[in-house]
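So the structure is just underneath, and the comments pick up after that.
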Amino acid sequence: MNRSLFAMAVAALLLASSVQGAGLLAPSTTDTSTAASTADDVPPDPEAQYGLSQQTVALMWSHDVDDPSNASGSESFLQLANATDVSYKEPPEAASVWSENDHLDLTRSFDLQNRNRSVVPPDAANARDFQSTFVFTDGTQGGMNDHWGDGVASAVIVRDAHSTIFGGHPSTIGHVSPSERHHYVPPNGSIRSLVDYRVVVPEGQDQSLPPGYDDATAVDIDWQYVDSEIVDVTLLRDGEEVDPSNDNGDYDADMNQNGHLTVYEYQEFYGRDTSLVVRATINVTLERTVSTRQRDCTYYTPNNSSNFWDCDIDTTSRTEEVRVSHQPESDPMAVRIYNLKAYPYYAEYPGRDSGVVVFQSRPWQGFTFDGTPVDVTGNWRFYTGRDTDWDTLQVRSQTGSSSQASVALPSYVHAFPSATGATIEPSGNQSEILDVWGSEFDSPASGIAAANVNVDVAPDSYEPSYGVAIRADDISRDRLRVHGIVRGEEAYLVNLSNVDASVLGDDVDIVRDVNRSNLTVEVLPSRSNDSHTTLHIELMDNQTGDPIDLREQAPDPLRGPSVQNRSGYLTVNGERVRMDEPGVANVTLNRTGRFNVRYDAGSWLRADPAYTDDSAVVKQRSIDTLGELVDYVTQVALYALPLLLVLFVAKNVLSKFGRRRGRR
């Protein structure tokens, strides 16, 4: 293979490894790369970077249609964005940064204070017309002509009025199963809304005086627009206004563009499932002028001539202020408050190693230890995608409505169960995952694929990593940090040592010592021959010398760290064996030769005391059979191969060195 082909192969492998699974980390939101791009390179708006790098913005739109055959763009990340979707190990910040800025961009393309038109989001059913009830100067209510004659039905003054939630951030949409999806929001976050409407001023009414010679009255009504405003925008939780007095939270509202755009910084939302609604109060002030014309006629006979009517018309006018008020509400936004609690248990191994297991009841991202390289990731990975319901907006006016591509696209973080599962970095002898617990769920892969998202989702079923046990070098309990699937959220670590013993049980240790085990094996000559071998195995506590009894059944690990006598199992050449008595097993096998005996201690949560693994090798020195001979030769070759390789390399190096000296 020439060098160019080799380089291309390496590059392809690196690209594939970064795309598959959750290996690509979110770029920094402070990266302000200025690489050139065209309008088609970075959807939806290449000018709207908001301090994000072009690479970050390009990889945000996982709900677009990927076309590997059209992987255009001058930059590699643009080609990647066009060809596939990218997942992340942790919830990226870009979705919040983008949505917060794009919300304000609604004012860049629309004059939201234009009373003659309304900018309506896709759920246009909420943009309602309201039959208006007029509140007059004297405080009474009525229709258009009330107070002045025959009352008529109230007019429609406020049209296409709506109050719509633009987005909630930070938050994460968790895809749990094909039929289960939750929108997780933190106890402290922000809700953004859009409110708009248009005003239609009633047409004037002109009632002509009836003909005739009798007294009659006519009323002319003229309407004038004075003012309109959004006087209040309120956040409701489960139908109640959010207020500290009713113990359902608190918020500060920042109203922009006279209330058309509002940001709620809410605090102390606790509980579980809840619904959020934004209610707006819209006031329109009109001026009504009522002119009354009265015919006043007198019957008389001047100069003995024919009788006739002498009529005069008197006109009086009255002007008053009329107010119309309406309160549109958004559709409820169903959310689940993400208040993560974690229940840690610890173990101390001989030497510097430590064991940690973390349980929690909600999806979580992973855990780390401050100041150490140990990074544990659960089976949840993340991608970002726009809210497709905001792809288009309608602009409604007196002459009709038109649709156009939205200039504001809220983006959300999505969490999905990865096929990769739980991982630990760095991995190896000093760091390893000991156990993972979780109930089985059907994979949401079909729903994610239907949304044009191509990520490494678990294909069929998966087990959420609600509990993960690890062993790592030199980690301390006070440095544990458990990270949630909502950006910035860390779990509250429950101090189980303060929990009532009646809940956990008197015999549960929050911190457990792991003792070193001592496994010894010998061949019993009196019970062995050329075709059979009997092994005598002893398993003892290295500290106390007490036998380790493996005869009882292990408990269900989902029940937590209940104390049991049994811990792990014994194997001989990979096959499990039973003990005859505490700490002792006599095993007869229908063969001779080499035997690998291993004690797998299992999770330290399942026994007290807990133990380390141990292993031993024993050999019955007989090679009378062909099988034993092959086994013996194989073992010798495996041990001799590294030495032969070293000798071969040394011989070649020395011979080349000798030839060079000879030429000199």
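The heavy-atom pair separating G467 from F359 by the smallest distance is CA-CD2, 3.8 Å. Between L409 and D102, the closest heavy-atom pair is N-OD2, 2.7 Å. Closest non-hydrogen pair, V277 versus P332, comes out as CG2-CA, 3.7 Å. Here the closest heavy-atom approach between residue V57 and residue W61 is recorded as O-NE1, 2.9 Å. Minimum interatomic distance between A161 and I282 (heavy atoms only, all atoms of both residues): CB-CD1, 4.1 Å. The minimum heavy-atom distance between E463 and E440, with the atom names listed, is CG-CA, 4.1 Å.
Remark: side-chain polar atoms of N188 are paired, donor with acceptor, to backbone N or O of E268 under 3.5 angstrom. Panel note: side chain H326, backbone A280; no donor-acceptor pair is recorded below 3.5 Å. The closest donor-acceptor contact from the side chain of T262 to the backbone of V233 lies at 3.5 Å or more, if one exists at all. Checked by atom type and distance alone, the side chain of S401 never pairs as donor or acceptor with a backbone atom of Q394 at under 3.5 Å. Although no hydrogens or angles enter the test, the distance criterion places no donor-acceptor pair under 3.5 Å between the side chain of T281 and the main chain of Q327. D196 contributes no side-chain N or O that, together with a main-chain N or O of S118, makes up a donor-acceptor pair within less than 3.5 Å. No donor-acceptor pair under 3.5 Å is formed between the side chain of N379 and the backbone N or O of A419. Without hydrogens or angle criteria, H103 side chain to A408 main chain gives no donor-acceptor distance under 3.5 Å. The closest donor-acceptor contact from the side chain of H63 to the backbone of R386 lies under 3.5 Å. For the pair S132 (side chain) and I157 (backbone), a donor-acceptor distance under 3.5 Å is present.
Contact annotation: the side chain of T56 never approaches that of Y50 to less than 4.5 Å [non-hydrogen atoms, C-beta and beyond]. When side chains are defined from C-beta on, P344 counts as touching L480, because their heavy atoms get closer than 4.5 Å. In this structure, Q365 and E489 have side chains that are not in contact, with every pair of non-hydrogen atoms separated by 4.5 Å or more. In this structure, the side chains of L52 and M60 come closer than 4.5 Å at one or more pairs of heavy atoms. Counting only heavy atoms from C-beta outward, the side chains of P417 and P464 never approach each other to under 4.5 Å. The shortest distance between side-chain heavy atoms of Q131 and V156 falls below 4.5 Å. Using a 4.5 Å heavy-atom threshold, the side chains of Y266 and V242 count as separate. Using a 4.5 Å heavy-atom cutoff, the side chains of F416 and V453 are not in contact.
Taking CG from L434 and CZ from R471, the interatomic distance works out to 7.5 Å, rounded to the nearest 0.5 Å. Here NZ of K89 is found 11.0 Å from OG1 of T420. Values are rounded to the nearest 0.5 Å. Taken to the nearest 0.5 Å, the CG atom of D456 stands 13.5 Å off from the OH atom of Y383. Rounding to the nearest 0.5 Å gives a distance of 3.5 Å between OH of Y462 and CH2 of W380. From N283, atom CG reaches atom OG of S228 across 9.5 Å, with rounding to the nearest 0.5 Å. Atom CE of residue M333 and atom CD1 of residue I191 lie 5.0 Å apart, to the nearest 0.5 angstrom.
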Can T368 and D375 be said to form a side chain to side chain donor-acceptor pair (under 3.5 Å), step by step? CA-CA 5 Å; T368 57; D375 185 358; 6.0 Å; no
Derivation of the side-chain contact (heavy atoms from CB on, under 4.5 Å) call for R117 and D111: CA-CA 9 Å; R117 68 180 186 183; D111 180 9; 4.2 Å; yes
side-chain contact (heavy atoms from CB on, under 4.5 Å) between V356 and V376, intermediate numbers included: CA-CA 11 Å; V356 178; V376 180; over 6 Å; no
Derivation of the side-chain contact (heavy atoms from CB on, under 4.5 Å) call for N258 and I230: CA-CA 7 Å; N258 290 338; I230 302 169; over 6 Å; no
Run the side chain to side chain donor-acceptor pair (under 3.5 Å) check on N116 and S397 step by step: do they pass? CA-CA 6 Å; N116 295 314; S397 65; over 6 Å; no
Stepwise side-chain contact (heavy atoms from CB on, under 4.5 Å) test for S163 and E329: CA-CA 5 Å; S163 174; E329 292 186 358; 5.7 Å; no
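Taking the six-membered ring for Trp and thresholds of 30 and 60 degrees, F367 and W364 have nearly parallel ring planes, at less than 30 degrees apart. Aromatic ring pairs are classed by plane angle as parallel below 30°, tilted from 30° to 60° and perpendicular above 60°; the pair H182 and Y184 is perpendicular.
Pairs passing the salt bridge (Lys or Arg N to Asp or Glu O under 4.0 Å) check and including a residue from residues 362-372, sequence neighbours excluded, read D370-R481.
Of the candidates H260, H162, R159, H260 is the only one forming a side-chain contact (heavy atoms from CB on, under 4.5 Å) with Y197.
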Could you tabulate the donor-acceptor pairs under 3.5 Å formed by side-chain atoms of residues 165-178, not counting sequence neighbours?
| from | atom 1 | to | atom 2 | distance (Å) |
| --- | --- | --- | --- | --- |
| H169 | NE2 | S99 | OG | 3.2 |
| H169 | NE2 | S411 | O | 2.7 |
| S171 | OG | G168 | O | 2.7 |
| S171 | OG | H183 | NE2 | 2.9 |
| T172 | OG1 | I485 | O | 2.7 |
| H175 | NE2 | H414 | ND1 | 2.9 |
| S177 | OG | S179 | N | 3.4 |
| S177 | OG | E180 | N | 3.1 |

